[in-house]
Asks: 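This is the structure I have questions about; it appears just below.
Only a predicted model underlies this, so the values are computations on that prediction, with no experimental measurement involved. By convention here, the first residue in the shown sequence is residue 1.
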Amino acid sequence: MLSFKITTVGSSSGIILTKEAMARLRVRKGDVLYLTEAPGGGYRLTPHDPEFARQMAHAEEIMHDDREVLRALAK
């Protein structure tokens with residue numbers, strides 16, 4: 001388990017990720033992390049945007065259901 005100390009960054013607060021934490025998250029400097037609620041009342045820090053994933057799932061459903069319409073529009 002990794003632990004991080006909250007530090008002051010200007011007039012805000014932040015954490016500093018170690019190289020090990022960044023490697024585990026598969027992120028690099030400049031990437032965006034999302035804090036989401038996890039089942040059971042905890043929180044999850046992830047580089048994956050859950051809203052984007054939801055939108056893509058909806059788009060894939062539309063592309064599957066309306067593929068003939070999309071094929072006609074592509075001509």
Side-chain angles (χ1 to χ4, degrees):
M1 179 169 105
L2 300 175
S3 63
F4 305 98
K5 184 176 181 179
I6 298 174
T7 185
T8 301
V9 180
S11 61
S12 299
S13 297
I15 60 171
I16 299 188
L17 298 175
T18 61
K19 288 181 183 179
E20 179 185 2
M22 291 180 69
R24 285 187 185 185
L25 287 167
R26 297 183 183 142
V27 295
R28 60 179 182 246
K29 185 178 177 181
D31 288 350
V32 176
L33 295 174
Y34 299 90
L35 182 66
T36 59
E37 289 189 49
Y43 290 92
R44 179 179 303 139
L45 188 61
T46 177
H48 304 288
D49 182 355
E51 177 61 19
F52 179 75
R54 185 192 67 76
Q55 291 173 355
M56 286 305 298
H58 188 68
E60 288 172 355
E61 182 181 322
I62 290 170
M63 287 186 287
H64 181 267
D65 294 346
D66 298 328
R67 65 178 154 235
E68 296 303 321
V69 173
L70 293 171
R71 189 173 288 126
L73 289 172
K75 292 181 182 180

Asks: Drop me the distance from Arg28's CZ to Lys19's NZ, to the nearest 0.5 angstrom.
Replies: 15.5 Å
Asks: Distance check, rounded to the nearest 0.5 Å: Leu70 atom CG versus His64 atom NE2?
Replies: 12.0 Å
Asks: Which atom pair, heavy atoms only, marks the closest approach of Met22 to Lys29?
Replies: CE-N, 3.6 Å
Asks: Indicate yes or no: at least one non-hydrogen side-chain atom of Pro47 is less than 4.5 angstrom from one of Asp31.
Replies: no
Asks: Could you tell me which non-hydrogen atom of Leu25 sits nearest to which non-hydrogen atom of Leu45, and how far apart they are?
Replies: CD2-O, 3.6 Å
Asks: Can you get from Leu33 to Ile6 by hopping between Ile, Leu, Val, Met, Phe, Trp and Tyr side chains that sit under 4.5 Å apart?
Replies: yes
Asks: List the residues meeting side-chain hydrogen bond (donor to acceptor under 3.5 Å, both in side chains) with Glu20, not counting sequence neighbours, and say none if there are none.
Replies: Arg24
Asks: To the nearest 0.5 Å, what is the distance between CG (Asp49) and CE (Met56)?
Replies: 12.0 Å
Asks: List the residues meeting salt bridge (Lys or Arg N to Asp or Glu O under 4.0 Å) with Glu60, not counting sequence neighbours, and say none if there are none.
Replies: none
Asks: Using the rule that Ile, Leu, Val, Met, Phe, Trp and Tyr join whenever any side-chain heavy atoms are under 4.5 Å apart, tell me whether Val27 and Leu2 fall into a single cluster.
Replies: yes
Asks: Near Glu51 CD, under 6.0 Å, is it more than 12 heavy atoms from other residues, nucleotides or ligands?
Replies: yes
Asks: Determine the minimum heavy-atom distance between Phe4 and Thr18, stating which atoms define it.
Replies: CE2-N, 4.1 Å
Asks: CD/Glu68 to CG/Leu73 distance, rounded to the nearest 0.5 angstrom?
Replies: 11.5 Å
